[in-house]
There are 2 protein chains.
Amino acid sequence: MARFIPQGEIVPKGQEELCPVTYTQNLTAGKWKITILWHLSKQTRRFNELQRLLPGISKGILTRQLRELEEEEMVHREVYKEVPPKVEYSLTPKGKSFIPVLNIMGEWGNEHMKSNQKELKPVTKD
Amino acid sequence: MARFIPQGEIVPKGQEELCPVTYTQNLTAGKWKITILWHLSKQTRRFNELQRLLPGISKGILTRQLRELEEEEMVHREVYKEVPPKVEYSLTPKGKSFIPVLNIMGEWGNEHMKSNQKELKPVTKD
DNA sequence: CCGCATCCCTAGTGATACTG
DNA sequence: CAGTATCACTAGGGATGCGG
């Protein structure tokens, strides 16, 4: 779907192999995906809740980002057949297993981003 | 430059703060950046060497990716004033400090990417 | 309430020709 | 050798309106 980058020298022929790091990178390449994962790591959320938590995102975009995370099995979508409809999103085991990676990235980012302010919020802590 | 994603709820006013995880993500968001960092983590490379190591990349793109990594202080550019010109690229301390993050991402990717083949090359091991 | 379909727009990539 | 400049192209984001 996104851009899959073969490692180059190890690519066989037309069978392009994917570097695991690049795979991980591409998983969260969507503009809102990391933030979505972060919110869902704290609690299950309904569609409209997520939209409110992500100021500026439109329904269409939110839907697409969630669908892609679903396809990658990072996010679980639970549909309640009620009227009015109710849909809840949560992390799958795979999604939960990604939280430590988020933490590492956050730690490194905190140490290395040129911050005018000295302290920045850790994204995975409450 | 790239897309900087404010965390949303903690954004002050027009002063948008950046989530450290998102910062890290954006640093390596270029299509070839991770692969470039990987190659440079193994050894210093000249411009043409890098181009040969990245099949399909054009000079213009390679230049821009390198310039951006330079601006972020991930990569050091050493120019030798000779004829013909010679330029060598290597990792800065910041760039080197990122290698463990690459490793974590690689490990997670290896465990979770749906691989038809059972084993995939670790990107940072020789 | 949730989401899809559609269209527009921009950023980023790709390709080529030219230069110190 | 190591770029720069230019243009074309594409993927992805954003906005809106309709539908179950």
Side-chain angles (χ1 to χ4, degrees), chain A residues 1-6 8 16 18 22-23 25-37 39-40 44-72 75-90, chain B residues 1-6 8 16 22-23 25-36 39-40 44-72 75-90:
Chain A
M1 161 171 328
R3 311 158 299 178
F4 285 137
I5 308 156
E16 300 190 338
L18 180 58
T22 303
Y23 166 78
Q25 163 83 354
N26 285 336
L27 266 196
T28 54
K31 177 165 171 183
W32 304 89
K33 285 182 186 170
I34 281 183
T35 312
I36 290 173
L37 291 175
H39 283 297
L40 293 185
T44 295
R45 292 289 190 182
R46 300 183 57 177
F47 186 87
N48 272 358
E49 285 181 319
L50 280 175
Q51 191 175 11
R52 253 174 277 121
L53 290 170
L54 306 173
I57 198 175
S58 67
K59 291 182 176 186
I61 295 297
L62 180 53
T63 300
R64 265 164 48 186
Q65 302 273 306
L66 286 170
R67 287 296 170 281
E68 290 177 18
L69 287 170
E70 233 188 308
E71 283 174 28
E72 297 292 351
V75 160
H76 172 69
R77 179 168 176 258
E78 185 74 34
V79 183
Y80 298 87
K81 297 198 172 88
E82 310 171 356
V83 181
K86 171 181 169 185
V87 180
E88 282 187 344
Y89 292 92
S90 57
Chain B
M1 153 174 333
R3 311 156 298 179
F4 286 136
I5 307 157
E16 301 191 337
T22 303
Y23 165 78
Q25 163 82 355
N26 285 337
L27 266 196
T28 54
K31 178 165 172 183
W32 304 89
K33 285 181 186 169
I34 282 184
T35 311
I36 291 172
H39 283 297
L40 294 184
T44 296
R45 293 289 190 181
R46 301 182 58 175
F47 185 87
N48 271 358
E49 285 181 319
L50 279 174
Q51 190 174 11
R52 253 174 275 120
L53 289 170
L54 305 172
I57 198 175
S58 66
K59 291 182 175 187
I61 295 298
L62 179 54
T63 300
R64 270 173 35 195
Q65 302 272 304
L66 285 169
R67 289 293 172 283
E68 289 177 19
L69 287 170
E70 231 188 310
E71 283 175 27
E72 298 292 352
V75 160
H76 172 68
R77 178 168 175 259
E78 185 75 33
V79 183
Y80 298 86
K81 296 197 172 89
E82 311 172 355
V83 180
K86 170 179 167 185
V87 179
E88 283 188 343
Y89 293 93
S90 57

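Residue numbers start from 1 in every chain, and the chains themselves are labelled A, B, ... in the order their sequence lines are given, proteins ahead of strands.
In this structure B/K86 satisfies the side chain to side chain contact (heavy atoms under 4.5 Å, CB included) test together with B/R46, B/Y80, B/E82, B/E88, sequence neighbours excluded. Applying the salt bridge (Lys or Arg N to Asp or Glu O under 4.0 Å) test to A/R45 and every residue at least two apart in sequence or in another chain returns A/E49.
If you take CG on B/L62 and CG on B/L53, they are separated by 10.0 Å, rounding to the nearest 0.5 Å. A/L27 CG to A/L37 CG: the interatomic distance, rounded to the nearest 0.5 Å, is 9.0 Å.
OP1 or OP2 of C/dC4 sits under 4.0 Å from a side-chain N or O of A/R67. Taking only side-chain nitrogens and oxygens, B/Y89 never comes nearer than 4.0 Å to OP1 or OP2 of D/dC1. Taking 4.0 angstrom as the limit, A/R46 places a side-chain polar atom (N or O) nearer than this to OP1 or OP2 of C/dC2.
In this structure, CD of B/E88 is placed 12 Å from P of D/dG3, rounded to the nearest angstrom. With rounding to whole Å, B/R45 atom CZ is found 15 Å from D/dC1 atom P. Going from atom NZ of B/K33 over to atom P of C/dA11 covers 15 Å, rounded to whole Å. As rounded to whole Å, 14 Å separates atom P of D/dA2 from atom CD of B/E70. When the C1' atom of D/dA15 is taken as reference, atom CD of A/Q65 falls 15 Å away, rounded to whole Å. Rounded to whole Å, the distance from CG on B/L66 to C1' on C/dG12 is 16 Å. Following rounding to the nearest Å, A/E78 (CD) and C/dG3 (C1') show an atom-to-atom distance of 17 Å. Remark: P of D/dG3 and CD of B/E82 are 13 Å apart, rounded to the nearest angstrom.
Contact annotation for A/T63: backbone-only contact, meaning every heavy-atom pair under 4.0 Å involves sugar-phosphate atoms and none involves a base. Heavy atoms of B/Y80 sit nowhere under 4.0 angstrom from any nucleic acid atom.
Looking only at distances, a side-chain donor or acceptor of A/Q25 sits under 3.5 Å from a matching main-chain atom of B/T28. Checked by atom type and distance alone, the side chain of A/Q65 pairs as donor or acceptor with a backbone atom of A/W32 at under 3.5 Å.
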Contact state string [nucleotides 14-20 of chain C, B base, S sugar-phosphate only, - no protein heavy atom under 4.0 Å]: BB----B
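The shortest heavy-atom contact between A/H39 and A/L54 is CD2-CD2, 3.9 Å.
Minimum atom distance to the side chain of A/N48 is reached by C/dC2, of the listed D/dG3, C/dC2, C/dC4.
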